[in-house]
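Both ligands and their constituent atoms are indexed starting at 1 by order of listing.
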Amino acid sequence: MASQQQVHATVFQLALLKFQSTLSVTERKQFGATTLHDLNVTIETIQQKQKSERKLRAMSKLGRFLEGMKEYDKIVAVFLNTSELLAFIWGPMKFLLQVASTFYEAFDTLLEAYQRIGEHIYLLAQYETYFHNRPHMCDPLTLIYEDILHFHSKAMRFFKKKMWQQLFHALWKTFEFEFGAILRDMREHMTLIHSQATITQFTEVLRTQEVAKLALENQKAAELHRRRQVVRQWLSAANCEADQETFTNVRSHYPSTGQWIFKNNKFSSWFDPIYCLTHLLWMNGIPGAGKTVLASLIVEEARKHQDVSVIFFYCRYRDCDRNTFLGVARGLLSQLLSQDDALLSFIHDKASTSGQTTLCTESIAKELLETSVKNCDKLYVVIDGLDECEREERKQIVTFFESIQTSLPQDEADSLRCLFLSQDDNVARKDFANMSSFKITGSHTKQDIHTYAMARSLELQAKFQLPPDRQHFIQSLVTDTADGMFLFARLMTSYLFDQTSVADLDVQLLPENFPQGPLRLDEAYSRIMKRLSQAAPTHAQTLKLLTWMVCAKRSMKWREIQCAVSLNIEDQVVDWDRKQFSVDSKDLCGSLVEVYTDGTVNLVHHTAKRYLIDQSIVDVEAGERNLASLCVNYLSFPCFNPHGYDANLPIYVSLGYYGFFDYAYAYWSRHLDACLRLQTSIDVPEELREATEAFVDTHWTEPKTRAVVRRPFVERWKPLENNGNLERLVLAGWLAQRQLNASTKPDMDEQVLSLHRLVARVRTCIEEARATTSKPDRFRSMYGNNVFKCPRVNCVRFYNGFASKQLRDDHVPKHERSFFCSFPGCAMATLGCTTLKELQKHETDYHDTLNLDDDELEYPELPIEKTTFQCTQCDAKFTRNNNLKIHMRKHNAPNKKDFVCVQCGKSFARQGDRTRHESTTHSSSKTFACGGSLKNGTTWGCGREFNRGDMLNRHWKSEKGKQCIRPKEQEEAMEAASSNATPQPSIVATPGI
Ligand SMILES: Nc1ncnc2c1ncn2[C@@H]1O[C@H](COP(=O)(O)OP(=O)(O)OP(=O)(O)O)[C@@H](O)[C@H]1O
């Protein structure tokens, strides 16, 4: 008995150790010293407080649990000393009640949970003598202990979150799902006790629970994955990781650069994970100082800190995903949620009730971001390029973080640090007036630029076979004239590298030619432009490309540009093979452009755009006119046949005709409008007028309801009045722009152009062609990878698309049914509801209480056994003589294993064991199915398949299974009644029923 007690003590100890490993040292100490008396005092105190506030809660709900635990204590004490064991029940319970009592809704839910557990462990005392006689029954008691610890550990994880009150609703749904599983386990363990289960039954239950646990884990993982996808789509955040990678790559060739920042005291007072004196820091510097690249280094280093979360954002000029408060918030949220599953549930919950396909409301974004940020124990936020945002947006970003910081309690101030990087203009100075600032000067970056200039000058030396002193000269010249402007060093070294002879290089290095002084950046641009203009054959193309980049309404992808240059307006064909650029954007525009990983091409810096406009290198008015004309001419090509199905569509697709379609369809009206806004003369060029007339002629369809166009818009488009279709054109242009800005679905009755129908037709053809094309590379160069696109022109997925049909098809309905259920595993999570009201009704109808009867996990239901056949050699008892005989073989010939598996040679003492082995190990097909056909031709059953007949039988004993088999039983009963015969025994597990 003594050794048996030791075994039990060890099992309990192991369970306790596992629980203790999830606690902090203080918690371990505090919980370990808690007694039932302490807990009762706490309960009393909470009750008194609630009474004094006239907010008494039903704390009597704890009664059964406490009673149950007392009985439990008495029984377990038979086996071992319980004081330490129970301390770790009272301690966490005390903690949970104390924390939850600050928020009544959570407190009630917790009381309810204890009540439910209490219902399961109640009335244990009646088995006291039974436990005495059967030491193996200690095992279910251990399991019940583990169940309670498990519950406490889950609940504590939840209540220990800093923002648990805000996260409560979202998290509790997920918690209920897990709590349900714990209760189910507990119920099973109690059933073992009530049914006075044998060791075999006990082992079987454990085995089935393991299977169920695994299934639950898989289900949870699948659910997490699904939620993550939903939230990612809802956030549609800019790819911050890709930006980080881009800037890290820039640095990677010059690894020592930027290290100076970590030796700087001001910066360290913000960066140091322990001694933090500065919570909000504004780092500023001249344009092109290298702030963005430095930010990427700070992010990289901060990520090395232990127990610190780091989120970051790189704003980008004229990119609506990256230059607004919403864009920044989405980007930061998407990083936070991948660091904490609790936030995933929280954001998912909001996404499901927002009614928005993508997060587009600032108030919701603020609420989510504030809770998520405050929930972190230690968070570093790095936001770069705030000068790339409009003033109002920038102000919003900064004040948002300022207000969060000031709202933090004194002792939590260090939990949030924000670093903002931007240029130092007068306006910025006002916006950042309330925080510490740090100016990056030329002396800070001199060494870095020197390192960079050295590497680049060595490349020049290799290309032009320069002597060492010349290389040194270049290195010093670049470093000195850059004077803290990395961008300048980069532009000039590239410019020097593009020279074609040593003589040319020498000329460029002459003091009178090499840009100096405050205007050196513009001069560098001027040099680059001059060199590009000397490349006579391509200069026109260079100008065209630069003009498009200045005027484009969104960043264009290189493949879109390639299709646009391939347009032959005269012949109305897309001559991709002959007209596309055979050189890349860098060849045409040198270091003035930057190519991003997603294939978009942009100007290297916003100062380049300003330069191109200021110097009249790009004529914006002409550029807008050119793009408007290009779009409307293109959309009038025969490949956009408005009349029904065009058999040539697949051919057009294969020739790359539709590579510019997304852009032209979305922005033709905005370019036309911009050109009308900017135009200085009254008359619109004849060519453009004709093109718009033909465009409207081609696609006009009479609307069912006519939209009303705003007066200023009509006035603005008046210069086109000698267009025979002016009224129609104005209406089409107005609708196209309204559609682009609207957050709702376009009204089909208002549509006046047949183009929207073509979008769907063309896209289907492209999707099909992708699957069958024999030239996948060429196809990709024309249409990219993500050909599965959203039909809503106001959605970023309209042009960014998805890599698979499934992803797109999951996304599109969300525009319509954008309220979706956030209860794990619910079908309405994918299907969604059309209104919030509909969703709320669904949640009350289906999720108001936890339905433990919906027993998907199907634990075995144990019959109360009548043990009449007693083994003479051990304690075993059997209800059937036959089973006793089989059992006796074990005693008579313990090592005899007569039953050999013919497939693997493994031998078994009992035939039944061999059959079970064969069916579970060697049978790939599950032959026991729930279901079949009734005589009237209809089917019954849920179709689930099992490896073994007993599993199927078990299924039929569950609530769900009983419903499955009912039709079959009814049929049998009716047949029996009609034939007046005795009813047949109910169905047995038969393969292939
Ligand atoms: N450490 C570095 N190593 C190599 N190149 C660098 C480094 N730092 C900056 N550069 C180059 O200098 C250019 C300007 O850098 P960056 O964009 O970081 O400047 P910035 O100060 O953020 O500019 P702005 O504020 O005007 O946007 C970039 O094109 C980059 O390639």
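A salt bridge (Lys or Arg N to Asp or Glu O under 4.0 Å) with Asp498 is found for one member of Lys530, Lys463, Arg531 and no other, namely Arg531.
When non-hydrogen atoms are compared, ligand 1 lies under 4.0 Å from the backbone of Phe486 as well as from its side chain. Contact annotation: for Val293 versus ligand 1, heavy atoms closer than 4.0 Å belong to both the backbone and the side chain. Neither the backbone nor the side chain of His253 has any atom closer than 4.0 Å to an atom of ligand 1 (non-hydrogen atoms only).
Salt bridge status for Glu300 with Arg251: present, with a side-chain N to carboxylate O gap under 4.0 Å. Between Lys366 and Glu362, no side-chain nitrogen of the basic residue sits less than 4.0 Å from a carboxylate oxygen of the acidic one, so the salt-bridge criterion is not met. At a threshold of 4.0 Å, the pair Lys446-Asp483 does not count as salt-bridged, since none of the basic side-chain nitrogens sits closer than that to a carboxylate oxygen.
Residue contact check: Tyr254 has heavy atoms under 4.0 Å from atoms 3 (N), 4 (C) of ligand 1. Within the listing of ligand 1, atoms 24 (P), 25 (O), 26 (O) sit less than 4.0 angstrom from a heavy atom of Gln423. Atoms of ligand 1 lying under 4.0 Å from at least one heavy atom of Glu388, given by number and element, are 27 (O). Counting the atoms of ligand 1 from 1 in the order shown, those under 4.0 Å from a heavy atom of Pro287 are 26 (O). The distance from ligand 1 to the heavy atoms of Arg490 drops below 4.0 Å at these ligand atoms: 28 (C), 29 (O), 31 (O).
Protein heavy atom at the shortest distance from atom 24 (P) of ligand 1 is His605 NE2, 3.1 Å. Nearest non-hydrogen protein atom to atom 5 (N) of ligand 1 is Val250 CG1, 3.4 Å. When hydrogens are left out, the protein atom nearest atom 13 (C) of ligand 1 is Leu487 CA, 3.7 Å; that is the closest non-hydrogen contact. Atom 20 (P) of ligand 1 has Lys291 N, 3.4 Å as its closest protein atom, hydrogens excluded (heavy atom only). Distance from atom 19 (O) of ligand 1 to its nearest protein heavy atom, with residue and atom name: Gly290 N, 3.0 Å.
In this structure, Phe438 has its ring center at least 6.0 angstrom away from the ring center of Trp270.
For the ligand labelled ligand 1, residue Gly288 lies inside the 4.0 Å heavy-atom shell. The closest approach between any non-hydrogen atom of Asp448 and ligand 1 is not below 4.0 Å.
Below 30°, between 30° and 60°, or above 60°: for Trp260 and His444 the angle between ring planes is below 30°, a parallel geometry. Between Tyr663 and Phe660, the ring planes lie parallel to each other; the angle is under 30°, not in the 30° to 60° tilted range.
Of the N or O atoms in Thr257, one or more lie within a sub-3.5 Å distance of an N or O in ligand 1. Considering backbone and side-chain atoms alike, Thr292 places an N or O below 3.5 Å from some N or O of ligand 1. Between Tyr452 and ligand 1, no pair of N/O atoms sits closer than 3.5 Å.
Within a 6.0 Å sphere centred on CD of Glu512, heavy atoms belonging to other residues, nucleotides or ligands number more than 12. At most 12 heavy atoms of other shown residues, nucleotides or ligands fall within 6.0 angstrom of atom CD in Glu390.
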Could you walk me through whether Val381 and Leu419 satisfy the side-chain contact (heavy atoms from CB on, under 4.5 Å) test, starting with their C-alpha distance in whole Å, then the side-chain angles of each, then the deciding distance to 0.1 Å, before giving a yes or no? CA-CA 6 Å; Val381 182; Leu419 175 67; over 6 Å; no
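Listed by first and then second residue, the ring pair (Phe, Tyr, Trp, His ring centres under 6.0 Å) pairs that reach into residues 468-508 are Tyr452-Phe486, sequence neighbours excluded.
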